[in-house]
Amino acid sequence: MSTTITHFINGVETAGHGDRHQPVYNPATGQVTGELRLADRTDIDAVVAAAKAASAGWAETSLTKRTAVLFRFRELLAANVQELARVVTREHGKVVSDAAGEVGRGLEVVEYACGAPQSLKGGYSDAVSTGIDVFSFRQPLGVVAGITPFNFPVMVPLWMAPVAIVTGNTFILKPSERDPSASLFLARLWKDAGLPDGVFNVLQGDKEAVDGLLTHPDVDGVSFVGSTPIARHVHETATRHGKRVQALGGAKNHAVVMPDADLDLAAEHITAAAFGSAGQRCMAISVAVAVGSAAENLVARLKERAEAVKVANGMEPDADMGPVITPNARSRLQKIVGEAQEDGAALIVDGRELVVKGHEDGFFVGPTVLDHVRREMTAYREEIFGPVLAVLRVDSMEEALEVINSNPYGNGTAIFTASGAYARAFTRGVRVGMVGINVPLPVPVAWHSFGGWNESLFGDHHIYGPDGVHFYTRGKVVTQRWPEPTQLSGASFAFPSS
Ligand code: NAD
């Protein structure tokens, strides 16, 4: 059965004015499950007007009351993890346990936001000059938009909204067109938590909705997470229109395996990090860089483990991996793997033609491992965003570092080693924003911030954690004097030094 997926504007689910719409699929069955409304100009103006109208009142709501809403939202989210996970799996395809994991990581950011009274605490300098004190504090930007990708329809919106809202902003979420239903589930939870209408809104749509928000004079800030070309477009356009912008882009994440590493541990974790969520994670390991003698034994172990991955409908409790998001994503991947093979890569595990019984119309593809990949191959240069692991062989850690540091992306990376000295040299020398030591997916916990370097992030702020608080607020510094009437004297014409 196909349902209409609407906007959520000023506390109300509404079909809006736009006459365009597009189908939403269950990638495991290939069937249409929803009809998504796509915003037009009137809808964009309506959602921004609602967020702007709610802005002053919400910013003036005491921090204690704002935080109380966050605590209630936290409880509701925690009570709905499983149901929300199933909503995600139906439209994204990832296995339910992984979807529940993404809700859990979002929940962590909500919990961080519950601590806003601590993170918003300002600074005070007593008596910096005779009778003069200075204090600084932070105030909200106003109306902020969050534009999010398909691969984490709950976690990525929750990287943004809780921090934006608790710091006093109103928020417009523009979710991915591919799996939009989770955004409405979140909107209902916010409402049930007592958030005033207009503080959290959802605008469904495509480029028209995004560009409308980026150029709208009443939008003050934009957080974006998605692919690098769109991140660049968002950063350039919104900056040109005077907004504060953070735009997180794509990735090509390398895991370096040193000869001294525990190869079973490395292969186990790299397999999970390469094929979990069908490789559709911005922190997925897509390149294993095998150093020296590690290569042969590592590849043998990766083959064994990749072949053991159970690919199935993500709703099945024992599934390891579900489908990819669209038939296009699958055919692009199949083409890139074929070209790599023609160019001399060794196809160790070939998942291209996998068919899942009973799900012949699903968008499935199996884990694929390519060995002897070279840097000039498309399979290395492009973000495939599917279950394909490329193995590159190098002679030393220095060469591994050179490979990673020449790559245009810089989101995450990992090293597997038993040596603290290797780990330290790697961590300090690698030009990547998030580094794991024997940890393949080093997604920072919520009280640190998340962000890549190079073409994986445009803007000055990482997302959530302390950087998130800074991004969604502006600093204000006050210099005050409260003179006794007897102390009133003429102002000095020189720069004060008392
Ligand atoms: P995408 O860039 O296609 O879409 C992201 C958002 O941009 C969506 O809301 C979409 O509607 C909008 N959009 C798409 N095309 C647009 C256009 N031409 N103009 C304006 N807006 C447009 O990304 P995706 O396919 O949904 O997600 C996968 C990508 O996101 C991968 O590249 C992945 O690495 C990246 N990602 C990065 C991070 C990170 O933290 N750096 C996290 C998750 C995903």
Point to revise | G16 backbone acceptor or donor facing D43 side chain under 3.5 Å | key: no

Check your understanding: Is a side-chain donor-acceptor pair under 3.5 Å present for H359 with N313?
Key -> yes

Exercise for review: Give a yes or no on this: more than 12 heavy atoms of other residues, nucleotides or ligands lie within 6.0 Å of atom NE2 of H17.
Suggested key: no

Exercise for review: For the residue pair R20 and R37, establish whether any side-chain heavy-atom pair is separated by less than 4.5 Å.
Suggested key: no

Point to revise | Polar contact flag, side-chain donor to acceptor under 3.5 angstrom, S223-Q246 | key: yes

Point to revise | Pair K191 + D197: basic N to acidic O under 4.0 Å | key: yes

Review point. Side chains of V355 and E360: closer than 4.5 Å at any heavy-atom pair?
Key: yes

Review point. Hey, which of L370, V369, V373 is the one that makes side-chain contact (heavy atoms from CB on, under 4.5 Å) with V391?
Key: V369

Review point. Rounded to the nearest 0.5 Å, what separation is found between the CG atom of L107 and the CZ atom of F73?
Key: 8.5 Å

Review point. Taking 4.0 angstrom as the limit, do E236 and R240 come out as a salt bridge?
Key: no

Exercise for review: Take L213 and I172 through the test side-chain contact (heavy atoms from CB on, under 4.5 Å) and record every step on the way to the result.
Suggested key: CA-CA 9 Å; L213 292 171; I172 302 166; 4.2 Å; yes

Check your understanding: When you measure from the side chain of E383 to the backbone N and O of A251, does any donor-acceptor pair fall under 3.5 Å?
Key -> yes

Review point. Does any non-hydrogen side-chain atom of V144 lie less than 4.5 Å from one of V222?
Key: no

Practice item. Evaluate the side-chain proximity of T473 to L141: yes if any heavy-atom separation is below 4.5 Å, no if none is. Key: no

Check your understanding: Using the ring of each side chain (for Trp, its six-membered ring), is F8 parallel, tilted or perpendicular to F200, with breaks at 30° and 60°?
Key -> tilted

Check your understanding: Relative to each other, are the rings of Y464 and F450 parallel, tilted or perpendicular (30° and 60° limits)?
Key -> tilted

Check your understanding: Mind checking whether N454 and S456 have side chains closer than 4.5 Å, heavy atoms only?
Key -> no

Point to revise | Distance, nearest 0.5 Å, that separates OG1 of T148 from CG of L248 | key: 12.0 Å

Practice item. For E108 and A446, indicate whether the former's side chain and the latter's backbone hold a donor-acceptor pair under 3.5 Å. Key: yes

Exercise for review: Answer yes or no: does atom CZ of R431 have more than 12 heavy-atom neighbours from other residues, nucleotides or ligands under 6.0 Å?
Suggested key: no

**Study point:** Working for side chain to side chain donor-acceptor pair (under 3.5 Å), residues H448 and Y112
**Key:** CA-CA 10 Å; H448 291 262; Y112 176 78; over 6 Å; no

Check your understanding: Just wondering, do V103 and V154 contact through their side chains at under 4.5 Å, heavy atoms?
Key -> yes

Review point. Are the side chain of N169 and the backbone N or O of G142 linked by a donor-acceptor pair below 3.5 Å?
Key: yes

Revision key, fill the gap. One should read off an interatomic distance between T29 OG1 and R90 CZ, to the nearest 0.5 angstrom, of 11.0 Å

Point to revise | Side chain T237, main chain V234, donor-acceptor under 3.5 Å | key: no

Point to revise | Salt-bridge criterion met for D318 and K310 (N-O under 4.0 Å) | key: yes

Exercise for review: Dump the intermediate steps for side chain to side chain donor-acceptor pair (under 3.5 Å) on E35 and H21, then the final yes or no.
Suggested key: CA-CA 6 Å; E35 202 62 41; H21 45 84; 2.9 Å; yes

**Study point:** Test item: H7 and E13 side chains (from C-beta on) under 4.5 Å apart, heavy atoms
**Key:** no

Revision key, fill the gap. The residue among D220, I165, V166, T167 that forms side-chain contact (heavy atoms from CB on, under 4.5 Å) with Y472 is T167

Review point. Would F364 and V311 count as a side-chain contact (heavy atoms from CB on, under 4.5 Å) if you check the C-alpha gap in whole Å, the side-chain angles of each, and the deciding distance to 0.1 Å?
Key: CA-CA 8 Å; F364 287 96; V311 184; 3.6 Å; yes

Check your understanding: Can E382 and R332 be counted as an ion pair, charged N to O under 4.0 angstrom?
Key -> yes

Point to revise | Nearest heavy-atom neighbours spanning G351 and V365 | key: O-CG2, 3.4 Å

Point to revise | Smallest separation among heavy atoms of R66 and T61, with atom names | key: NH1-O, 3.0 Å

Point to revise | Exercise: identify the closest heavy-atom pair between A116 and L63 | key: CB-CD1, 4.2 Å

Practice item. Run the numbers on H254 and Y380 for ring-ring contact (aromatic ring centres under 6.0 Å, His included), then give the verdict. Key: CA-CA 10 Å; H254 303 69; Y380 176 75; 5.6 Å; yes

Practice item. Would you check if the side chain of T215 reaches a backbone N or O of D211 as a donor-acceptor pair within less than 3.5 Å? Key: yes

Study note, to complete from the structure: In this structure, CE of M434 is separated from SG of C282 (nearest 0.5 Å) by 6.5 Å

Check your understanding: Is the shortest distance from a Lys or Arg side-chain nitrogen in D192 or R188 to a carboxylate oxygen in the other one below 4.0 Å?
Key -> no

Review point. How long is the gap from CD1 on I270 to CD1 on I285, to the nearest 0.5 Å?
Key: 6.5 Å

**Study point:** Under 3.5 Å donor-acceptor, N80 side chain and L77 backbone
**Key:** no

Practice item. Assess whether side-chain contact (heavy atoms from CB on, under 4.5 Å) is satisfied between R474 and Q139, documenting all intermediate values. Key: CA-CA 5 Å; R474 283 186 289 205; Q139 292 185 308; 5.6 Å; no

Check your understanding: So, T170 side chain and A54 main chain: donor-acceptor pair closer than 3.5 Å or not?
Key -> no

Check your understanding: Is any NZ, NE, NH1 or NH2 atom of the basic residue among K94 and E91 found under 4.0 Å from an Asp or Glu carboxylate oxygen of the other?
Key -> no

Check your understanding: Is the F224 to H235 ring centre distance short of 6.0 Å?
Key -> no

Review point. What are the two closest heavy atoms between I147 and M160, and how far apart are they?
Key: O-CE, 3.9 Å

Review point. Which salt bridge (charged side-chain N to carboxylate O under 4.0 Å, His left out) pairs, counting each pair once, include a residue from residues 275-284, with sequence neighbours left out?
Key: D98-R281

Point to revise | Stepwise side-chain contact (heavy atoms from CB on, under 4.5 Å) test for D179 and V88 | key: CA-CA 7 Å; D179 45 14; V88 170; 5.8 Å; no

Point to revise | Donor-acceptor under 3.5 Å (K243 side chain, H216 main chain) | key: yes

Check your understanding: In terms of heavy-atom contacts, does CD of E376 have more than 12 from other residues, nucleotides or ligands at under 6.0 Å?
Key -> yes

**Study point:** Residue pair K252 / N411, side-chain heavy-atom distance below 4.5 Å
**Key:** no

Review point. Would a distance-only check, ignoring hydrogens and angles, find a side-chain to backbone donor-acceptor pair under 3.5 Å from S176 to R178?
Key: yes

Revision key, fill the gap. Scanning both residues in full, the closest heavy-atom pair of L189 with L76 reads O-CD1, 3.5 Å

Review point. Which heavy atom in F385 sits nearest to a heavy atom in N151, and how many Å separate them?
Key: CZ-ND2, 3.4 Å

Check your understanding: In terms of heavy-atom contacts, does CG of D460 have more than 12 from other residues, nucleotides or ligands at under 6.0 Å?
Key -> no

Review point. Would you call E102 and R105 a salt bridge, taking side-chain N to carboxylate O under 4.0 Å as the test?
Key: no

Check your understanding: Between E111 and R74, is there a side-chain N and carboxylate O pair less than 4.0 Å apart?
Key -> yes

Point to revise | Between CZ on residue R374 and CZ on residue R381, distance to nearest 0.5 Å | key: 12.0 Å

